[in-house]
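Reading through the structure tokens given below for one structure.
Computed from a predicted model, the values in this text were never measured in an experiment.
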Amino acid sequence: MALLAGFFVFFGSESKNGRPQPRQGPPGTGPLTVVAMGDSTVSGEGAGQYTATTNGQGGNWCHRSPNAFVEKIDIPGITAHVNLGCSGAPAEQVALGDVKQWTEGSQAQQLAALVKDHRVAAVVMAVGANDEPKFSNQVTECFKAWFNPGGPSCSEALKQTWQSKVDAMVPKVATAVSDVKKVLAHAGYVPADYQLVLQSYAAPIGPDLPEDLRTLNGCPFRLEDLRWISQTGIGVLSSGLKAAAQQSGARFLDLAKAGVKHEACSGGANPATEWFTRLTLQLADLGQADRAGHALQESFHPNAAGHAAIANCLTEFIAAREGNASCLAGADGKLHSAPEVVAR
């Protein structure tokens, strides 16, 4: 347990003299664990190599990938990494309850089972985009608008409704975060035993891309929609998630600017610099009735390189132990956790 000495400070039961006695980490037995919960940005959609049981088997399309960021978080003493995320998951499936996503039940209930033989040191959550904002659906609508250049842009309608959609999302996310806290409290955890992180979303697309890729070859969107998504839409969404974190007592990690200069198609002829998938069509799936509807599912999600970048930022954020932060690119080209400056 020496590795944990400089990372965690825990207090358990009191001694005979009334002073709290330190304990080495969370209660229970099993490996010290970091857990990820939420939707596609957590599961690893877009990062490839999905586990067989979540790649359509039995109707499960959660698309959990060994390349997902939770697998790459590197904290001394943490030896287990568990991904409960599921592509498309709404907040109600992450929370306690009966809502299912692609055959899977409540992620909070899955966490309750996990703590029986794992000692949870950190829980990282990303959820909310599939509630009222329906971010993936909005991206799809913007994609459709590209086919009709003379018609209205998708952002025109979103400008009128986006704030209210995000406002309606906030209490659902706060409930999901609170339910995670309930599960851990029921298992004997106190707040000092673990870190609870709610992160926001990075903009997968932006206006700075070659014109020859603003087509079906890569990123078929109108410029005004690209600007709105990256400059306004994603920021409003992050602000809503920060409010949910404040209401539920979680630390907040802002990813709104995490993908700048690494968005899909931004690399032009060198896609290796991109952290998000371009328009992606699994041609082999089109010939199978049970898979054809998921042939585009990976499009505009963090790829394996994107997940590795996010993991670097999360590693620093968790190691800091307190406060909020943003994931921003440093001079070394990596994402780093930049602590929030609190006005005094």
Side-chain angles (χ1 to χ4, degrees), residues 39-41 45-46 61 63 87-90 128-170 172 200-241 255-269 271 274-283 285-286 289 291-303 306:
D39 53 32
S40 58
T41 198
E45 184 75 74
W61 289 94
H63 268 182
S87 187
N130 294 307
D131 291 284
E132 280 79 3
K134 299 190 181 301
F135 189 68
S136 292
N137 289 0
Q138 308 304 343
V139 171
T140 299
E141 289 302 310
C142 291
F143 169 47
K144 291 178 181 178
W146 175 82
F147 288 94
N148 183 22
S153 66
C154 76
S155 55
E156 280 301 311
L158 286 173
K159 289 174 183 177
Q160 309 302 317
T161 62
W162 190 245
Q163 185 65 61
S164 62
K165 291 176 184 292
V166 170
D167 290 344
M169 169 205 76
V170 171
K172 295 182 179 181
S200 63
Y201 300 85
I205 48 180
D208 298 325
L209 71 164
E211 190 63 22
D212 63 347
L213 285 179
R214 205 165 55 83
T215 66
L216 291 174
N217 289 326
C219 298
F221 298 98
R222 292 161 63 162
L223 280 175
E224 60 266 41
D225 293 337
L226 290 170
R227 291 193 187 97
W228 185 87
I229 289 171
S230 62
Q231 297 173 6
T232 302
I234 207 74
V236 172
L237 182 58
S238 285
S239 294
L241 289 166
L255 270 67
K257 304 292 185 182
V260 174
K261 296 184 179 180
H262 295 279
E263 300 97 338
C265 298
S266 62
E274 298 167 12
W275 291 347
F276 299 86
T277 57
R278 301 179 178 187
L279 181 65
T280 302
L281 176 64
Q282 296 297 335
L283 291 173
D285 288 348
L286 293 179
R291 303 185 67 86
H294 301 273
L296 290 168
Q297 189 168 316
E298 295 176 287
S299 301
F300 309 114
H301 285 85
N303 58 24

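- Of the inter-residue distances, the one linking Arg227 atom CZ with Asp208 atom CG reads 8.5 Å to the nearest 0.5 angstrom.
- In terms of heavy-atom proximity, Gly240 sits nearest to Val170 at O-CG2, 3.4 Å.
- Two residues are said to be in side-chain contact when any heavy atoms from C-beta on lie closer than 4.5 Å; Ser40 and Phe135 fail this criterion.
- Of the possible donor and acceptor atoms, none in the side chain of Ser239 sits under 3.5 Å from a partner among the backbone N and O of Leu237.
- Distance alone, capped at 3.5 Å, is enough to place a donor-acceptor pair between the Glu274 side chain and the Cys265 backbone.
- Judged by distance alone, with hydrogens and angles left aside, the side-chain atoms of Trp162 form a donor-acceptor pair with the main-chain N or O of Gly233 at under 3.5 Å.
- To the nearest 0.5 Å, atoms CH2 (Trp275) and CG (Asn303) are separated by 10.0 Å.
- Between the CE atom in Met169 and the OG atom in Ser164 there is a gap of 11.5 Å [rounded to 0.5 Å].
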With a 3.5 Å cut-off and sequence neighbours excluded, list the donor-acceptor pairs that the side chains of residues 141-153 form with protein atoms.
unit_1: Glu141; atom_1: OE2; unit_2: Lys144; atom_2: NZ; d: 3.4
unit_1: Trp146; atom_1: NE1; unit_2: Arg214; atom_2: O; d: 3.1
unit_1: Ser153; atom_1: OG; unit_2: Ser155; atom_2: OG; d: 3.2
unit_1: Ser153; atom_1: OG; unit_2: Glu156; atom_2: N; d: 3.4

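- A donor-acceptor contact shorter than 3.5 Å links the side chain of Thr277 to the backbone of His301.
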Given Leu296 and Leu279, is the side-chain contact (heavy atoms from CB on, under 4.5 Å) satisfied, shown in steps?
CA-CA 7 Å; Leu296 290 168; Leu279 181 65; 4.1 Å; yes
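- In this structure, CD in Gln297 is found 11.5 Å from OG1 in Thr280, a value given to the nearest 0.5 Å.
- The two residues Arg278 and Gly267 make their nearest non-hydrogen contact at NH2-C, 4.4 Å.
- Scanning all heavy atoms of the two residues, the minimum distance from Cys219 to Ala264 falls at SG-O, 3.5 Å.
- Here the CG atom belonging to Leu209 is positioned 7.0 Å from the CG atom belonging to Leu223, to the nearest 0.5 angstrom.
- The two residues Thr215 and Asp212 make their nearest non-hydrogen contact at OG1-O, 3.2 Å.
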Test side-chain contact (heavy atoms from CB on, under 4.5 Å) on Leu226 and Glu263; report intermediate values, then the result.
CA-CA 11 Å; Leu226 290 170; Glu263 300 97 338; over 6 Å; no
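- In terms of heavy atoms, Pro133 sits closest to Lys165 at CD-O, 3.8 Å.
- Residues Ala256 and Ser200 come closest through the heavy atom pair N-OG, 3.9 Å.
- Separating the CG atom in Leu158 from the CD1 atom in Ile229 is a distance of 8.0 Å, to the nearest 0.5 Å.
- A parallel orientation is assigned to the rings of His294 and Trp61, their planes being inclined by less than 30° (bins at 30° and 60°).
- Residues passing the ring-ring contact (aromatic ring centres under 6.0 Å, His included) test with Tyr201, sequence neighbours excluded: none.
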